[in-house]
Undergrad: 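Before anything else, here's the structure in question.
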Amino acid sequence: MEKRNLTLIVTIFFSVLLSFSQNIVRYDLTVTDTIVNYSGNEKRAIAVNGQIPMPTLTFTEGDIAEIVVHNKLKEGTSLHWHGVYLPNKEDGVPYLTQMPIAPNETFTYRFPIIQSGTHWYHSHSGLQEQIGMYGSLVLLKKKDDPTFRKGIDDLPAVPVILSEWTDIKPENVHRMLHNANDWSAIKKGTTQSYSEAIKAGHFKTKLGNEWKRMLAMDVSDVYYDTFLINGTNKSQLSQFKAGDKVRLRVSNGGASSYFWLRYAGGKMTVVANDGNDVEPVEVDRLIIGVSETYDVVVSIPNANTAYEFLATPEDRTKSASLYLGNGNIQLKNRMPKLKYFEGMKMMNAMMNMDGSMDDMGMKMSFQKMDMNAIMYPEITGAATMDMDGMKMDTNMDHSKHGMKATQDLVTLNYGMLKAPHPTTLPKDAPVRELHFELTGNMNRYVWSMDNKVLSETDKILIKKGENVRITLYNNSMMRHPMHLHGHDFRVLNGQGEFAPLKNVLDIMPMETDVIEFNANAEGDWFFHCHILYHMMAGMNRVFSYDEQAPNPNLPDKKWAYKKLQNESNQFHFMAVNDFASNGNDGMFMVQNARWSIGTEWRLGYHDAHGYETETHIGRYIGKNQWFMPFVGFDWRYRKQHGIIEKNIFGQANTKDERAVFSLGADYTLPMLITIQGEVFTDGNVRFQLMREDVPISPRLRWAFMLNTDKEYMTGFKYIVTRHLGITTHYDSDMGMGFGAALNY
């Protein structure tokens with residue numbers, strides 16, 4: 001017993017001694033509401049210590065980080081330390097690793113720094129990241145670190161965090177995406193209407209697109225008012241002079257924007273990615289995925305000149321600039337507009353009639369062959385693709401150029417990344433193989449894995465010590481930056497034992513990629529798409545270690561996990577009301593990933609025009625959600641002076657005090673036309689064809705409806721603002737009308 005007590009005393013003594021010998025670095029972060037003006041309009045944002053971005057936090061490997069968060073908001077918040085190895089309870093995911101930090105409460109994150117590299121941190125609560133809660137996190141190497149690289153790790157370094165700003169509340173952005181609102185496309189000039197298709201010589205392409213039930217090609221879901229580098233659209237680092245080399249520690253803190261990075265002073269040398277060293281590689285440009293980090297070294301070639309480091313969002317709408325040096329500004333040439341109809345043609349060839357995409361297997365992996373390159377006017381190698389049959393020149397060497405580009409243009413891809421030291425996993429560990437298909441529905445903005453959102457899945461159980469190998473296939477039309485919390489994974493990109501380590505993998509449409517990691521950190525770890533609106537729409541999973549210790553921050557883990565699941569499957573509301581000269585038409589609807597509850601009405605101004613409402617409660621079925629069975633209720637009244645109408649089946653179809661329930665279904669046909677079949681409790685049957693959003697021009701939409709009750713409607717809407725349209729329509733019951741439509 002005495003020996004046991006002595007051992008315990010010695011253990012405590014050395015633990016205390018070790019804690020005193022380590023450097024505790026403390027930051028106090030106060031989270032408050034603020035007002036910003038990035039576009040001429042004052043809008044609500046969230047500041048930390050009075051600033052956006054949040055303060056840059058700097059630690060040295062071996063430190064103890066102590067970060068005290070004071071929440072002065074009227075809502076809960078949290079902070080996630082992106083890419084950092086830490087105890088699970090410090091990871092900062094509300095309802096998974098901790099409870100949200102309540103208003104006027106203080107929470108302390110405390111963890112050892114056991115790595116180095118460029119990282120960042122952000123709120124993991126709701127959509128707070130979009131309105132200011134992001135900042136740089138720099139973990140420095142020790143001076144005696146055997147991996148310290150002279151000429152790289154001792155260069156002057158500048159944290160650079162990219163982001164974007166929208167004047168629209170992010171909750172409204174998310175709601176609009178779910179409702180297929182195309183206001184962002186109108187603002188960006190990327191609507192791809194029929195008039196634009198005819199002008200571009202792509203009428204057949206547009207028809208093929210809608211025949212396969214696809215909406216217009218989109219590269220970035222959201223219109224942003226401005227783009228920011230370190231919180232401003234343009235800034236200058238005038239302390240650097242000719243001959244200086246500078247290490248830019250670049251983090252993409254954007255909620256949904258990919259950025260092209262280019263430099264007016266020459267080539268960039270990539271020296272690290274996602275906080276991990278890579279063998280230096282020179283490139284002319286690279287695209288940084290949402291939440292990725294890249295360390296690039298640039299030089300100041302000449303005196304009296306400030307060279308532009310240019311960040312251009314993938315949709316090429318605008319840009320943000322950082323000027324390095326002092327003197328005349330040397331700009332980088334702007335990237336030309338994307339060729340959207342060429343991209344649409346490409347997608348038509350990739351998409352099958354059942355909504356699936358051609359699986360190219362490992363021929364398409366790790367960005368070596370960028371299918372989006374067909375949209376780039378500056379790329380000359382598109383001849384390697386047969387767009388009708390999608391035949392690829394698989395003998396081409398894509399390791400240096402992404403697509404075969406001009407001779408002097410080098411674009412980074414993952415195949416070019418190589419770790420400076422072996423990264424192999426333990427050879428005697430058992431291997432767990434997992435396969436995930438990234439799935440999605442642009443029409444309803446549902447994003448999933450294996451066609452399941454988080455609320456429809458259990459946690460993925462893994463065991464400590466095993467090697468987890470994951471094959472990911474992107475069967476959606478959007479790229480997805482998949483992020484794993486708490487671990488780095490090896491990217492099996494052909495570099496063998498020198499496969500690079502990352503914690504975010506950008507997966508393009510049709511790609512199949514393989515990653516692997518050793519399960520060495522117990523707890524529940526989030527794995528999700530880092531496009532904020534994709535994550536909040538359901539593209540998440542949780543890796544859960546078997547036999548893990550209880551988390552003191554979560555007294556009721558079962559309840560908390562259900563709360564987390566519900567957060568990414570919320571109901572979204574939309575409404576339209578057309579105030580016309582012949583009556584009032586409108587509808588409202590609430591929907592989540594599977595369910596839809598909607599009511600529509602047509603109200604005349606006198607009894608002869610009639611009044612009617614229909615309510616449907618339905619559930620979408622299938623991967624593409626083209627089929628929705630529903631139950632309904634139909635009430636209508638129209639004074640008919642004894643006239644009894646008949647439908648095309650000869651059934652009496654009175655509209656005088658009609659109130660019936662129904663069973664039916666909606667199905668989306670080619671050309672995005674909805675066919676609806678319904679059986680009513682009075683024995684009547686009705687079939688209906690309808691479409692409401694045929695894009696005639698960038699702002700003009702055509703709608704039509706006809707059914708077996710011999711009712712029909714056709715009309716046009718001209719979109720004036722996000723919430724207002726000018727309308728005209730003819731209705732078989734109410735005649736011709738003109739008016740204005742309000743939508744939300």
Side-chain angles (χ1 to χ4, degrees), residues 12-34 46-73 75-94 96-125 128-129 132-145 153 156-161 230-231 249 251 253 275 293 485-486 503 521 523 551-554:
I12 293 172
F13 173 77
F14 279 106
S15 297
V16 172
L17 188 65
L18 183 62
S19 68
F20 277 109
S21 67
Q22 287 186 290
N23 186 32
I24 298 175
V25 179
R26 172 176 169 138
Y27 288 94
D28 280 83
L29 302 177
T30 302
V31 187
T32 58
D33 273 312
T34 191
I46 299 176
V48 171
N49 292 3
Q51 68 179 73
I52 298 173
M54 298 190 289
T56 296
L57 307 185
T58 304
F59 302 93
T60 300
E61 188 171 358
D63 288 346
I64 299 290
E66 188 172 273
I67 304 160
V68 184
V69 181
H70 310 275
N71 182 17
K72 301 302 181 182
L73 300 175
E75 61 192 70
T77 192
S78 63
L79 287 176
H80 166 60
W81 319 99
H82 184 102
V84 178
Y85 310 148
L86 37 56
N88 187 242
K89 67 185 181 66
E90 310 295 338
D91 195 45
V93 182
L96 184 65
T97 65
Q98 67 173 89
M99 293 301 292
I101 306 171
N104 298 312
E105 293 291 329
T106 294
F107 185 87
T108 300
Y109 296 94
R110 199 172 194 274
F111 49 89
I113 304 299
I114 58 174
Q115 69 197 109
S116 61
T118 300
H119 303 278
W120 66 296
Y121 68 112
H122 59 87
S123 170
H124 226 296
S125 294
Q128 292 175 350
E129 178 191 323
M133 289 194 69
Y134 52 86
S136 293
L137 177 62
V138 177
L139 309 182
L140 301 172
K141 291 181 180 178
K142 295 179 181 178
K143 287 292 187 342
D144 60 352
D145 191 318
D153 293 324
V158 178
V160 174
I161 191 158
N230 292 340
R249 295 179 173 270
S251 302
T293 74
H485 285 217
N503 57 66
N551 184 338
N553 294 335
L554 289 175

Undergrad: Regarding T293 and T118, is there a side-chain donor-to-acceptor distance under 3.5 Å anywhere?
TA: no
Undergrad: Roughly how far, to the nearest 0.5 Å, is the CD atom of Q51 from the OG1 atom of T34?
TA: 11.5 Å
Undergrad: Under the criterion ring pair (Phe, Tyr, Trp, His ring centres under 6.0 Å), I'd like the reasoning laid out for Y27 against F59: C-alpha separation, chi angles, the key distance, then a yes or no.
TA: CA-CA 11 Å; Y27 288 94; F59 302 93; 5.4 Å; yes
Undergrad: Within the structure provided, determine whether M54 and L29 are in side-chain contact (heavy-atom separation under 4.5 Å).
TA: no
Undergrad: Kindly write out the residues that satisfy side chain to side chain donor-acceptor pair (under 3.5 Å) with T77, not counting sequence neighbours, or none if the list is empty.
TA: Q128
Undergrad: Which heavy-atom pair separates I52 from G132 by the least distance, and what is that distance?
TA: CG2-CA, 3.9 Å
Undergrad: Stepwise, does the side-chain contact (heavy atoms from CB on, under 4.5 Å) test hold for W81 with W120?
TA: CA-CA 6 Å; W81 319 99; W120 66 296; over 6 Å; no
Undergrad: For this output row, return yes or no: ring centroids of F107 and Y109 closer than 6.0 angstrom.
TA: yes
Undergrad: State the CG-CG distance between L96 and N553, to the nearest 0.5 angstrom.
TA: 11.5 Å
Undergrad: What is the minimum heavy-atom distance between G486 and A521, and which atoms define it?
TA: O-CB, 4.5 Å
Undergrad: With sequence neighbours excluded, tell me which residues meet side chain to side chain donor-acceptor pair (under 3.5 Å) with Y85.
TA: D488
Undergrad: State which residues pass side chain to side chain contact (heavy atoms under 4.5 Å, CB included) with E105; sequence neighbours excluded, sorted by chain then number.
TA: I101, A102
Undergrad: Go through Q22 and I64 one step at a time and tell me if the side-chain contact (heavy atoms from CB on, under 4.5 Å) criterion holds.
TA: CA-CA 7 Å; Q22 287 186 290; I64 299 290; 3.6 Å; yes
Undergrad: Using a 4.5 Å cut-off on heavy atoms from C-beta on, say whether the side chain of T106 contacts that of V69.
TA: no
Undergrad: CG/L79 to CG/N71 distance, rounded to the nearest 0.5 angstrom?
TA: 9.5 Å
Undergrad: State whether the side chain of S123 and the backbone N or O of S125 hold a donor-acceptor pair below 3.5 Å, judged by distance alone.
TA: yes
Undergrad: Closest approach of G275 and H119, non-hydrogen atoms and distance?
TA: CA-CE1, 3.8 Å
Undergrad: Hey, could you give me each pair passing salt bridge (Lys or Arg N to Asp or Glu O under 4.0 Å) that has a residue in residues 57-66? Not counting sequence neighbours.
TA: R26-E66, E66-R110
Undergrad: Ignoring hydrogens and geometry beyond distance, is a side-chain donor-acceptor pair present between N503 and H82 at under 3.5 Å?
TA: yes
Undergrad: Before giving the answer on side-chain contact (heavy atoms from CB on, under 4.5 Å), spell out for M133 and H122 the whole-Å C-alpha distance, their side-chain angles and the decisive distance to 0.1 Å.
TA: CA-CA 5 Å; M133 289 194 69; H122 59 87; 5.8 Å; no
Undergrad: Who passes side chain to side chain contact (heavy atoms under 4.5 Å, CB included) against P100, sequence neighbours left out?
TA: P94, Y95
Undergrad: D33: which residues meet the side chain to side chain contact (heavy atoms under 4.5 Å, CB included) condition with it, sequence neighbours left out?
TA: R44, I46, L73
Undergrad: Name each donor-acceptor pair under 3.5 Å that joins a side chain in residues 134-143 to protein atoms two or more places apart or in another chain, with its distance.
TA:
unit_1: Y134; atom_1: OH; unit_2: S163; atom_2: OG; d: 2.8
unit_1: K141; atom_1: NZ; unit_2: T147; atom_2: O; d: 2.9
unit_1: K141; atom_1: NZ; unit_2: T147; atom_2: OG1; d: 3.3
unit_1: K141; atom_1: NZ; unit_2: D153; atom_2: OD2; d: 2.9
unit_1: K141; atom_1: NZ; unit_2: D277; atom_2: OD2; d: 2.6

Undergrad: Starting at CG of L57, measure out to CD1 of I67 and round the result to the nearest 0.5 Å.
TA: 5.5 Å
Undergrad: Identify the heavy atoms of A157 and R249 that sit nearest to each other, and give their distance.
TA: CB-NE, 3.8 Å
Undergrad: Start with the C-alpha distance between V93 and H485, add both sets of side-chain angles, then the distance that settles side-chain contact (heavy atoms from CB on, under 4.5 Å), and finish with yes or no.
TA: CA-CA 10 Å; V93 182; H485 285 217; 3.5 Å; yes
Undergrad: Out of curiosity, N551 CG to L554 CG, how far, rounded to the nearest 0.5 Å?
TA: 4.5 Å
Undergrad: Apply side chain to side chain donor-acceptor pair (under 3.5 Å) to Y121 and list each qualifying residue two or more places apart in sequence or on a separate chain.
TA: none
Undergrad: List for me each residue that meets side chain to side chain contact (heavy atoms under 4.5 Å, CB included) alongside T30, sequence neighbours excluded, and say none if there are none.
TA: T32, N49, H70, K72
